[in-house]
Asks: 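Quick one: the structure is below, questions incoming.
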Amino acid sequence: MKKNDQIIIKIEDIGVNGEGIGKVEGYTLFVKDALIGDTVEAVITKAKKNYGYAKMLRVLEASPYRVERKCPVARQCGGCQIQELSYDAQLDFKTKKVYGNLERIGGFSPEFLDTVMEPICGMEEPFYYRNKAQFPIGTDKEGNIVTGFYAGRTHQIIPNMECALGVPVNQKILQIIVDFMNQYGVSAYNEETARGLVRHVLIRYGFTTKEIMVCLVINGDNLPKSEKLVDKLVRIEGMTSITYSVNKENTNVIMGKEIGVLWGQGYITDYIGDVKYQISPLSFFQVNPVQTEKLYSLALEYAGLKGDETVWDLYCGIGTISLFLAQKAKKVYGVEIVPQAIDDARNNAQINGIENAQFFVGKAEEVLPEYYARYEKEHGEKAYADVIVVDPPRKGCDETLLDTMVEMRPERIVYVSCDSATLARDLKYLCERGYEIQKVKPVDQFPHTVHVEVIIKMQLVEKGEK
Ligand code: SAH
């Protein structure tokens, strides 16, 4: 196989970026835009020794799972990867991905996995689910102000205000901003020259409270004629917070460090379950609140709390899981590396009147082992935890952390994961040290993307010392 060869290929899997994967005479090819189940004609764009890349020319036999895409720019935009795959087939693909990683990397047998795998938790309405959107502002070739999305892995703006994953009100807000910029000659930022004012628009929407936040990221100290913009934006029902963030750095980081209020308050409020959260433009907050509530309810169920337990929530972010669990536990300790997130966590604990949650800033793999060692020194006995929850980033948990967890021997471990490959590695490690998997449940937090979250319940089976 070599570059420019034309081939016919049947697509059998989906790659990490949503591309189709198939084989021709044993040679693996990654085919952009081809879907699982398709037979396509494609041309090879890059040929390596054991695998290559190809571009789809036409679909010869369409996959039975192919559906009409909702968004006309779904292919160019980097946001969705598998919108043309039916939602049922997406869920099926995600389940198999988790299953495959647990089998291949975790070494768990299919017979065992069949007994612990729960059906994936999908969405009833898998569109318009995101509560946060960040739109770049720029100009097209004619110099008109445009907004939309960066085309996959580039910084070219595909004009589009109607994202099918975001809330419909985004479009109205963007139109007001673009009209305002045109009317008052407010310039858009140009990444190449680092000139121009408006860089990005951040919009957040509280699904429960219906509160709306708009934040303009600007390359300057103020937004001229901002009162004219505010006049228009406040007419939108639910508008609660209009702010700007100054970012004069020539970087890919979207937000600046400081926030200035143009109108209203500097944050919006929203709920997950009964817990209230204040969300500022810089706060991290889960983007799919409907699925997040389901995920945290599962975390609560898997933690099996009765009211007198001590719980650790590692990688706690703004304390979302911690506060959810604190309602049912005696004490919850949260650990998170980002100091601002811990400020939010403490604030959120306070506005909810939650007094049994304590937060630490630091690396989970340092804070927990240090706490454990110090506790033994000071109290002459081992620190105890009934339940440990972990929700690490993609790279999974550090071995030092897993070792301390195993030493503490909590009855249950709840593992929330956004990468089933590192999850499988960590589960294997824990299962070799006295734990058993009782439940595996994938949760679809990001429909139309290739990402999948999984939540695991583990139980301590070997009670004695290691
Ligand atoms: N549980 C939270 C956030 C999970 S995202 C929620 O549901 O909202 C993972 C979090 O781990 C991020 O907030 C990230 O900042 C944090 N993090 C990354 N590496 C870490 C480490 N070594 N120790 C502690 N926290 C870490």
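The first residue of the sequence shown is numbered 1, and numbering continues consecutively from there. In listed order, ligands and their atoms are each counted from 1.
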Asks: With a 4.0 Å cut-off on heavy atoms, does C316 reach ligand 1?
Replies: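 Under 4.0 Å: yes for C316.
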Asks: Among Y277, Y315, F285, whose heavy atom sits nearest atom 3 (C) of ligand 1?
Replies: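 That would be Y315.
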Asks: Kindly indicate whether the side chain of I212, heavy atoms from C-beta on, has any atom under 4.5 Å from the side chain of T240.
Replies: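 I212 does not reach T240 side chain to side chain.
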Asks: So that I can tick it off, tell me whether R69 and E84 are bridged by a salt bridge, with the cut-off set at under 4.0 angstrom between side-chain N and carboxylate O.
Replies: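 Yes, this pair counts.
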Asks: Would G362 count as a contact of ligand 1 if the rule is a heavy atom under 4.0 Å away?
Replies: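 G362 counts as a contact of ligand 1 under the 4.0 Å cut-off.
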Asks: Nearest protein heavy atom to atom 19 (N) of ligand 1, by residue and atom, and its distance?
Replies: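 Protein heavy atom at minimum distance: P393 CG, 3.8 Å.
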Asks: Looking at atom 23 (N) of ligand 1, what's its closest protein heavy atom, distance included?
Replies: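 I find the closest protein heavy atom is A364 N, 2.8 Å.
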Asks: Between R412 and D386, does at least one N-O distance fall below 4.0 Å, as a salt bridge requires?
Replies: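 No, no charged N to carboxylate O under 4.0 Å.
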Asks: Any heavy-atom pair between the side chains of D270 and I279 that's under 4.5 Å?
Replies: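 The answer is yes, as the side chains (C-beta and beyond) meet within the 4.5 Å cut-off.
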Asks: Which is closest to atom 5 (S) of ligand 1 by heavy-atom distance: D391, L401, V367?
Replies: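 Closest candidate by heavy-atom distance is D391.
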Asks: Establish, from distance only, whether the side-chain atoms of Y65 and D88 form a donor-acceptor pair under 3.5 Å.
Replies: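 Absent: no donor and acceptor within the cut-off.
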Asks: Distance only, no hydrogens: is a donor on one side chain within 3.5 Å (strictly under) of an acceptor on the other, for N352 and Y277?
Replies: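 Side-chain D/A pair, N352 to Y277: absent.
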Asks: Number the atoms of ligand 1 from 1 as they appear, then name those within less than 4.0 Å of a heavy atom of F284, with their elements.
Replies: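 Every atom of ligand 1 under 4.0 Å from some heavy atom of F284: 8 (O).
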Asks: Which protein heavy atom lies closest to atom 15 (O) of ligand 1, and at what distance to 0.1 Å?
Replies: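 Residue, atom and distance for the closest contact: E336 OE2, 2.7 Å.
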Asks: May I ask you to list the atoms of ligand 1 that are less than 4.0 angstrom from any heavy atom of V338?
Replies: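 Here the atoms of ligand 1 in question are 15 (O).
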Asks: Do any pairs count as a side-chain hydrogen bond (donor to acceptor under 3.5 Å, both in side chains) and have a residue in residues 363-374, sequence neighbours left out, and if so which ones?
Replies: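 Qualifying pairs: Y372-K382, Y372-E407.
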Asks: Starting from atom 17 (N) of ligand 1, what is the nearest protein heavy atom, named by residue and atom, and what distance separates them?
Replies: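 Ranked first by proximity to atom 17 (N) of ligand 1 is I337 CG2, 3.5 Å.
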Asks: I'd like to check which ligand 1 atoms, numbered from 1 as shown, lie under 4.0 Å from a non-hydrogen atom of Y296.
Replies: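 Heavy-atom distances to Y296 below 4.0 Å select 6 (C), 7 (O), 8 (O).
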Asks: Around atom 22 (N) of ligand 1, find the nearest protein heavy atom and jot down its residue, atom name and distance.
Replies: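 For this ligand atom, the closest protein heavy atom is E365 OE1, 3.0 Å.
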Asks: Hey, which of V454, L298, I120 is the one that makes side chain to side chain contact (heavy atoms under 4.5 Å, CB included) with V443?
Replies: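 Only one option passes, and that is L298.
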Asks: Could you list which atoms of ligand 1 come closer than 4.0 Å to a heavy atom of T320?
Replies: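 Counting atoms of ligand 1 from 1, those under 4.0 Å from T320 are 6 (C), 7 (O), 8 (O).
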Asks: In terms of the angle between their ring planes, are F127 and H448 parallel, tilted or perpendicular, with boundaries placed at 30° and 60°?
Replies: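 It falls in the parallel class, under 30°.
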